[in-house]
Amino acid sequence: MVALLTLFTNPILSSPSSSSSITLLHHPPIPLTTVHFSLSSASAFHPHEGFSISKFSKASRNELKPLFPQLGLRPTKHISIQCSCINSPTNLHTDIGILFPFFRELGLEDKETELVLDKNPTLALTSLDSIRARVRSLLSLRIDSLTLSYLIIKCPSVLTAEEIDPFICFVRDELENKIEPMQLKHLLTTADPRFLVGFDKKVKLLLDRGVPSEKIGYVLNHVKLAKAVCLRPIEEIDRTITFFSPYGGIDLIVRRPEILNYNLESQLIPRIGFLLDLSGGDKDATGNVVRRLPMILSYSVEHLEGHVEFLRSFAGLNNQEIFKIFLVFPSVVSASKERKLRPRIEFLKQCGLDSNDIFKFLIKAPLFLGLSFDNLKYKLVFLVKIGYKYRTRDMAMAMGSVTRTSCENLRKVIWLFLSYGLSYSDIVSMSTKHPQILQYNHSSLEEKMEYLIEDMGREVGELLAFPAFLGYKLDERIKVRYEAKKKITGEGMSINKLLTVSTKRFSTKKKEKKLLHVVENLTCNEVRCSKSSNRTLSLVFLCLLSFLNEQHTVLTLAEAKSNVYIVYMGARQHDDPELLAETHHTMLTRVLGSIEASAEAMVYSYKHGFSGFAAKLTKAQAQAISELPTVLQVIPNLFHKLQTTRSWDYLQLSSCSTTNVLHKSKMGNGVIIGLIDTGIWPESQVFRDEGLGPIPSRWRGICESGELFNTRMTCNRKLIGARYFIKGLQAEYGQPYNSTEYQECLSPRDRLGHGTSTSSIACGSFVANVSYNGLGVGTVRGGAPLARLAMYKVCWNLYGGGVCTGADILKAFDEAIHDGVDVLSLSIAPDLPFPDLEIHNGISIGAYHAVAKGITVVCAAGNAGPSAQTIQNTSPWIITVAASTIDRSFPTPITLGNNWTTMGQAMFTGKDTGFINLVYPEVPELLSPRHCESLTPNDTWLAGNVALCFTSNSNQNAVEDAAWSVKDIGCSGLIIAINPSRSLHSCDDNFPCVQVSYEIGTQILYYIRSTRNPLVRIRPSKTHLGRPVSTNVAYFSSRGPSSISPAILKPDVAAPGVHILAAVSPHNPEIAYKFLSGTSMATPHVSGIVALLKSLHPDWSPAAIKSALVTTAWTTDPSGEPVFAEGEPMKLADPFDYGGGIVNSNRAADPGLVYDMGTADYIQYLCAMGNNNSAISQLTEHPTFCPIKQPSILDVNLPSITIPTLGNSTTLTRTVTNVGAVNSRYVAIIEPPRGITIAVKPNTLIFNSMIKTISFTVRVSSTQKVSTGYSFGSLTWTDGMHTVRSPISVRTEIVESYD
């Protein structure tokens, strides 16, 4: 018999044999050697069993002896041999043939079976019954068939290794299958079966040392079994448990089993030692830290040292103070030093806190270091709005307090105080004395204030002196003491003394007062009435005097607070700008009393496009100026926010075509686009001036030098103007702007990147072969590549984002009108709530004067969608732009452990993750579910896993901050289930942050809950263009109807604003272009198209351009598919989502007819909105008188029809101007809204050389019998070549009777 032998001296160290060799394992292993020799058939042995050499015959031993010296062994009876027959009378092919169908039943393909037999040839010599029995044993461990087949392929020895059976029996019978199947799968595929020997003893050790039997499954399922148990000597496990005795012992291991994964000598002892040294040798305190955050042991000593050294050097704390911070907030070690710790501690330093103050602050408000950036920014803005001065000690104390409450509760607390008549300054005064009032629950506060006023009969003003009243418990202290005191002294008592005195002293004083009261009654009975009356009158007089005094003080403080106000005086009274400026100073001097005070208070003088000024005034001074006859309006200096490749090809403006409007307009050559934004990064390649001729001679603007902005080096024939305006912000801020602190430049240079992006989209030059880390490869350019650019920087880095004041924006309008721009683009919008009228809004005022000078103004619709009536920049003279998606996506494959693959969306450019654990933040049924936004650095269980989470809303910043948080603690990825939306959450490029629908998310969740050890694999994203990617109105895009003037359709049009590849300020030299989303990105698309139309039709008015865009827009996507509006739920888009539709520049270049408007039409609108003659006259430069009968807003000559309140019927008028063929005939096509009938007279329009303008009436009637919501239709004029479509929106309102 020819046999294959495996010789080894220690069975535990042996390894599976090869089919062509004898493997002898000594210590160390010896090289593989192949030997063929014959054994007597009389030699009795069983294949695959080990036996002593002494069992061989003498002849056989002699045959083996020459082999031993060669292998460095001495022939002894202690050497064991394992034999595998490779040539026996049995027909091996027949045996193998039986295995193939068996393995097919288990899910293996024949090729996989061959691979298994190659890896483990002993299978061919093992009986099928033995293999079946082993399979049944494995299945008894709850291992499913898919996992079993994977296990057999990966590690075939599981079917033959003799160590497996005892292991299975222990897990199944004694542990009662508490180990999850996927844990077993991982163990059996990573550990040699030999290392399973002793597994039962190690587990029993854990039980003997105190792990509860009901917890042993949890412990074993949360460690790497191979590393923590199988490969680790039982003595080391025992030493680990003993070592942790002073720090939480076995309870700590039960809470955080992963501790067993770490090496005792090289990892755990040094890490505990570091914490022990930091604590000054206090084992109890060190144990407290470890028990509060066991995950702290997962951080290396180097990581811990880095955080301690940072707090020591940057915050000035000593070791004892740092350890105390660890005690109250151990998660400080998981916070990024640069992203979280540095900016937060820097903020405290700026507020005037020294190291001792910083320590006290962090002990009281440790969450300040852990809360998200958006959370802190929201609260900071609230505190600034109510009157806290930025970078002050009081601000820091207030911030410390509000870290312990939610943003929503803070908002409700402030509104509660305001609803009770308290002012912002009152709130600041109270919270300065008692900062905790801002963190109390708003419902609890309301109960206490209600009790104070209704039951105690007090004034809310008493809280100004004693705000701590709100901190006492209502039932246990306030009510009890008040009722007790009331019985003795009546209602006139000090609430301060009532509550602050100790319980013991209160009881004593209560007895004394009662006794005194009795004595007074006995001795003064005869004079009690008169004396009491006089005393009461005296008290009332004193209280009244005190109250009036207090109110006077509060008013004086409030009045002394100065803010920036815009004094708007309408159109210029004359053309001399210097004389206008002198007039403004004279007016201010009269109010303030001196030339010096006027010069100090003046911020800007508006003297080019209109008349007015911005000045720093108290509320009383602003009121006095508003009463002057030449002043139209005094407007608070409102804050505005920024509203932040493939898109031009998608809009059919390919540079390769010679027939589209891009080439017909010579790419916008000669047109000047002005952008009011965050500045510009002039070195970007998109602003090169190659191929451009001289600067237009009509240009009157300048390039203004400043920090890092040398006009000789930066401005060129492309960037022909650059200015910056910051006085309005500085005056409102109350101190000079620190450009170093905020990483800004006091110049037109863009550090935020927003203005650079919008400029590149509007009129950037061609730059080929651009991508973002390989995604979206192509040529970047603007809509009008040969147009000139002027930047007016008004937005600055403050409060964590771009902040722009109304005073600075108006000054930019003023200068831009003077400079000679043709188009103004503003990706800026005011905050909610909006100003109630256009003349109260700086953007609207500036835009009106620009439009009056023939400058088209394009503005962002805002990013407050998808709720209705969130649209911003709603004036009829503005083109308001919504954001839509394009036909480009970034598919990202997600493969689950059951081999099901689905496609998510992401911008993940890292490496394939391979299969890793997939988890979901489960909570008990009675608790609210954990949404994506709730994930924090404290969720340390996410480390090493991919997490599935569901969003509660589409707050993009909240989800992105959650992604950053979990990435910082070692999470391997995030799958975000969200309402259908093409707006992707921006995560770090190498961090998988994949977006799926709720439906797909639910399927993944089902897989997690139905699988013992769920796995997932995420592969890098790719770029997909064209179908089947649909066009949607973006989720964030603000929606109509307008809350200011519902009869004015807004938005006007939509344009690409999701994942637009644009130039940015290169903070990272390797990234000069990024994908950006927002109506900020949609707006410059339309601005670029307007520049093309201006170049092609220089005589068209802004209203004509707007009409051309609205009436020719796509109501489907460019390929004819329907457009949907993202929201809850997603629906077909309507005019309140995208106005006329998706902008179509080629058709807009030849619209056929336009609905033109001029100053007279805007006056009609202002009269219809109820503005008085004086206000309108000052706005329009000449005397204006509204008709006695107020005109109908429905007759404003808009390219759309919106009727917000239709009773039975109404008739409105429109006028169209022919801009197409001289002789043409247009016919009306009506698509009435549901339940509405529409009649047009005349229904045919005939134009010739004499007739260029025709008016028509539209009668709209409702057949509805009840009040309804809006329904939509259209009126289209067509001559067979042009289609001039006006969207119609109608809401029926039936007035209810009240008899």
Side-chain angles (χ1 to χ4, degrees), residues 8-16 25-29 50 78 80 137 141 155 157-158 161-273 287 290 294 297-298:
F8 46 91
T9 57
N10 184 349
I12 301 303
L13 296 175
S14 67
S15 66
L25 290 181
H26 203 267
H27 211 57
H78 301 295
S80 298
S137 295
L141 298 179
C155 184
S157 62
V158 297
E162 61 185 16
E163 299 87 354
I164 296 289
D165 282 331
F167 173 79
I168 291 175
C169 291
F170 176 74
V171 172
R172 181 188 60 214
D173 301 334
E174 296 194 42
L175 290 182
E176 300 175 339
N177 273 341
K178 289 178 180 176
I179 302 181
E180 298 290 346
M182 293 308 289
Q183 270 286 84
L184 294 173
K185 170 189 169 184
H186 184 71
L187 170 61
L188 294 175
T189 53
T190 55
D192 190 283
R194 290 169 298 144
F195 297 110
L196 298 176
V197 175
F199 180 84
D200 54 341
K201 295 180 181 178
K202 297 170 184 176
V203 173
K204 288 176 181 177
L205 172 68
L206 292 173
L207 290 166
D208 292 342
R209 294 299 300 269
V211 174
S213 58
E214 66 273 13
K215 293 288 187 180
I216 192 65
Y218 175 83
V219 172
L220 296 177
N221 286 318
H222 286 80
V223 297
K224 296 177 181 177
L225 286 175
K227 183 177 181 181
V229 181
C230 293
L231 296 176
R232 186 155 293 168
I234 192 169
E235 295 79 12
E236 185 177 337
I237 297 174
D238 190 47
R239 287 202 314 274
T240 301
I241 296 172
T242 302
F243 172 75
F244 275 105
S245 296
Y247 310 107
I250 204 70
D251 291 337
L252 182 64
I253 292 173
V254 171
R255 284 186 57 207
R256 184 75 179 180
E258 293 89 341
I259 289 172
L260 294 175
N261 293 335
Y262 301 116
N263 182 276
L264 178 62
E265 300 296 334
S266 63
Q267 294 177 308
L268 294 176
I269 291 177
R271 293 169 189 178
I272 288 287
V290 174
L297 296 176
S298 66

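Side chains are part of it too, since the values below use all heavy atoms of this structure and drop only hydrogens, waters and symmetry mates. Source: prediction; values computed, not measured.
Within the 4.5 Å cutoff, the side chain of P181 has no heavy atoms near those of the L141 side chain. By the 4.5 Å heavy-atom criterion applied to side chains, S298 and Y262 are counted as neighbours. Here the side chains of L188 and C155 are not in contact, with every heavy-atom distance at 4.5 Å or above. At least one side-chain heavy atom of F244 sits under 4.5 Å from a side-chain heavy atom of I272.
Judged purely by atom type and a 3.5 angstrom limit, N261 has no side-chain atom pairing as donor or acceptor with the backbone of K227. Put simply, the side chain of R256 never gets that close to the backbone of L297: no donor and acceptor are under 3.5 Å apart. Q183 places a side-chain N or O within donor-acceptor distance of the main-chain N or O of L220, the cut-off being under 3.5 Å. Side-chain atoms of K178 come within 3.5 Å of backbone atoms of S213 as a donor-acceptor pair (strictly under, hydrogens ignored). The closest donor-acceptor contact from the side chain of Q267 to the backbone of N263 lies under 3.5 Å. In this structure, E180 contributes its side chain and H222 its backbone to no donor-acceptor pair below 3.5 Å.
For the pair H186 and T189, the tightest heavy-atom approach, listed with the atom from each and the gap, is O-OG1, 3.1 Å. Contact record, V223 with A228: CB-CB, 4.0 Å, taken as the closest heavy-atom pair.
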Please step through side chain to side chain contact (heavy atoms under 4.5 Å, CB included) for the pair F170 and K204, ending with a clear verdict. CA-CA 11 Å; F170 176 74; K204 288 176 181 177; 3.8 Å; yes
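Rounding to the nearest 0.5 Å places CD1 of I237 at 6.0 Å from CG of L206. Atom CZ of R255 is separated from atom OH of Y218 by 9.0 Å, given to the nearest 0.5 angstrom. In this structure, CG on N221 lies 12.5 Å from NZ on K215, to the nearest 0.5 angstrom. A distance of 9.5 Å separates CG in D192 from CG in L231, rounded to the nearest 0.5 Å. To the nearest 0.5 angstrom, I253 atom CD1 is 7.0 Å from T240 atom OG1. To the nearest 0.5 angstrom, L196 atom CG is 9.5 Å from K202 atom NZ.
With F167 as the fixed residue, the side chain to side chain contact (heavy atoms under 4.5 Å, CB included) test singles out one of D200, V158, V197, L187: L187.
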